[in-house]
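For this chain, numbers begin at 1 and follow the sequence in order. Start at 1 and go down the list; that is how both ligands and their atoms are numbered. Model, not experiment: these values are computed from the prediction.
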Amino acid sequence: MIQTERPVRMLIRLTYTSTFRPHITDADIDGITEKAAAFNRRHSITGILAVEGERVCQILEGPREAVEQLFESIQRDQRHYGVVELDISTIEKPAFEDWGMVRRPMVDIVTLAFSL
Ligand SMILES: Cc1cc2nc3c(=O)[nH]c(=O)nc-3n(C[C@H](O)[C@H](O)[C@H](O)COP(=O)(O)O)c2cc1C
């Protein structure tokens with residue numbers, strides 16, 4: 001019997017930091033997270049968004065093309081600036097559940113950095 005290979009979908013994890021513009025409110029951030037969660041779920045992307053003051057750190061995981069395309073939009077987004085990509089790596093499986101995007105305290109990202 002001929003074994004057909006399953007198509008391999010490359011998964012990546014991308015982590016970046018940025019800074020919200022001063023006029024961005026907590027309600028704005030909740031709005032961004034809510035929209036992001038819906039979009040990300042539709043594109044098999046998941047991750048977390050941590051905000052402390054104006055500083056942002058976000059981890060995005062999912063199919064390479066989808067994550068890279070989303071990151072391009074995020075980099076163009078005028079609601080924040082100074083986007084710095086910290087890490088991009090291929091992963092075997094996502095670390096986060098299928099929630100699209102959630103907001104978490106910054107300390108969770110620090111904890112994750114030592115456990116992922
Ligand atoms: C800090 C930050 C994080 C964001 N994260 C996401 C995200 O995870 N998913 C998403 O769909 N949009 C996210 N957005 C919104 C995108 O930047 C952008 O508005 C959205 O992809 C629509 O892009 P478009 O207007 O170019 O189509 C984020 C925006 C900011 C400022």
Side-chain angles (χ1 to χ4, degrees):
M1 195 174 77
I2 300 170
Q3 290 267 323
T4 50
E5 276 184 37
R6 265 191 306 152
V8 180
R9 215 166 44 147
M10 189 186 280
L11 296 174
I12 61 166
R13 175 182 301 130
L14 189 155
T15 307
Y16 74 86
T17 56
S18 68
T19 305
F20 273 120
R21 302 229 178 251
H23 66 271
I24 299 297
T25 64
D26 214 47
D28 292 332
I29 299 167
D30 282 341
I32 290 172
T33 311
E34 213 172 289
K35 271 194 178 171
F39 176 92
N40 293 1
R41 271 197 303 269
R42 285 200 302 278
H43 293 85
S44 306
I45 297 172
T46 185
I48 60 176
L49 177 73
V51 183
E52 194 169 285
E54 288 164 5
R55 299 290 290 143
V56 180
C57 186
Q58 189 175 28
I59 303 178
L60 298 163
E61 288 184 341
R64 181 190 203 106
E65 261 183 43
V67 171
E68 284 178 347
Q69 252 181 44
L70 172 60
F71 188 51
E72 277 174 27
S73 301
I74 291 175
Q75 282 178 290
R76 282 195 302 267
D77 198 313
Q78 289 302 304
R79 291 171 289 187
H80 66 163
Y81 64 95
V83 176
V84 176
E85 188 182 300
L86 295 181
D87 182 62
I88 181 162
S89 39
T90 57
I91 53 171
E92 291 286 314
K93 63 182 181 74
F96 307 118
E97 287 170 42
D98 198 13
W99 55 53
M101 186 53 56
V102 282
R103 215 170 140 181
R104 288 274 187 262
M106 193 62 88
V107 69
D108 282 13
I109 297 246
V110 178
T111 309
L112 278 166
F114 288 98
S115 60
L116 284 177

Give the numbers and elements of all ligand 1 atoms closer than 4.0 Å to a heavy atom of [X].
X	value
F39	11 (O)
R79	15 (C), 19 (O)
M101	8 (O)
D77	15 (C), 16 (C), 17 (O), 18 (C), 19 (O), 29 (C), 31 (C)
L60	8 (O)
L70	7 (C), 8 (O), 9 (N), 10 (C), 11 (O), 12 (N), 21 (O)
Y16	1 (C), 2 (C), 3 (C)
N40	7 (C), 8 (O), 9 (N), 10 (C), 11 (O)

Of the side chain and backbone of [X], name the one, both, or neither that has a heavy atom under 4.0 Å from an atom of ligand 1.
X	answer
I32	side chain
K35	neither
F71	neither

Tell me, which protein residue and heavy-atom name are nearest atom 27 (O) of ligand 1, and how many Å apart are they?
->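 For atom 27 (O) of ligand 1, the nearest protein heavy atom comes out as S73 OG, 4.9 Å.
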Just by distance, do the side chain of R21 and the backbone of Q78 share a donor-acceptor pair under 3.5 Å?
->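 Side chain of R21 to backbone of Q78, a donor-acceptor pair under 3.5 Å: yes, one is there.
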Partner residues of Y81 under the ring-ring contact (aromatic ring centres under 6.0 Å, His included) criterion, sequence neighbours left out =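 None.
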Is there a path from L70 to I29 through hydrophobic residues (I, L, V, M, F, W, Y) whose side chains come within less than 4.5 Å of each other?
->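 In one cluster: yes.
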M101/Q58 under side-chain contact (heavy atoms from CB on, under 4.5 Å): CA gap, chis, key distance, verdict = CA-CA 9 Å; M101 186 53 56; Q58 189 175 28; 3.3 Å; yes
Y16 vs F71 aromatic rings, parallel, tilted or perpendicular, using cut-offs 30° and 60°?
-> tilted
Examine the side chains of D28 and T25 and answer whether a donor and an acceptor come within less than 3.5 Å of each other.
-> yes
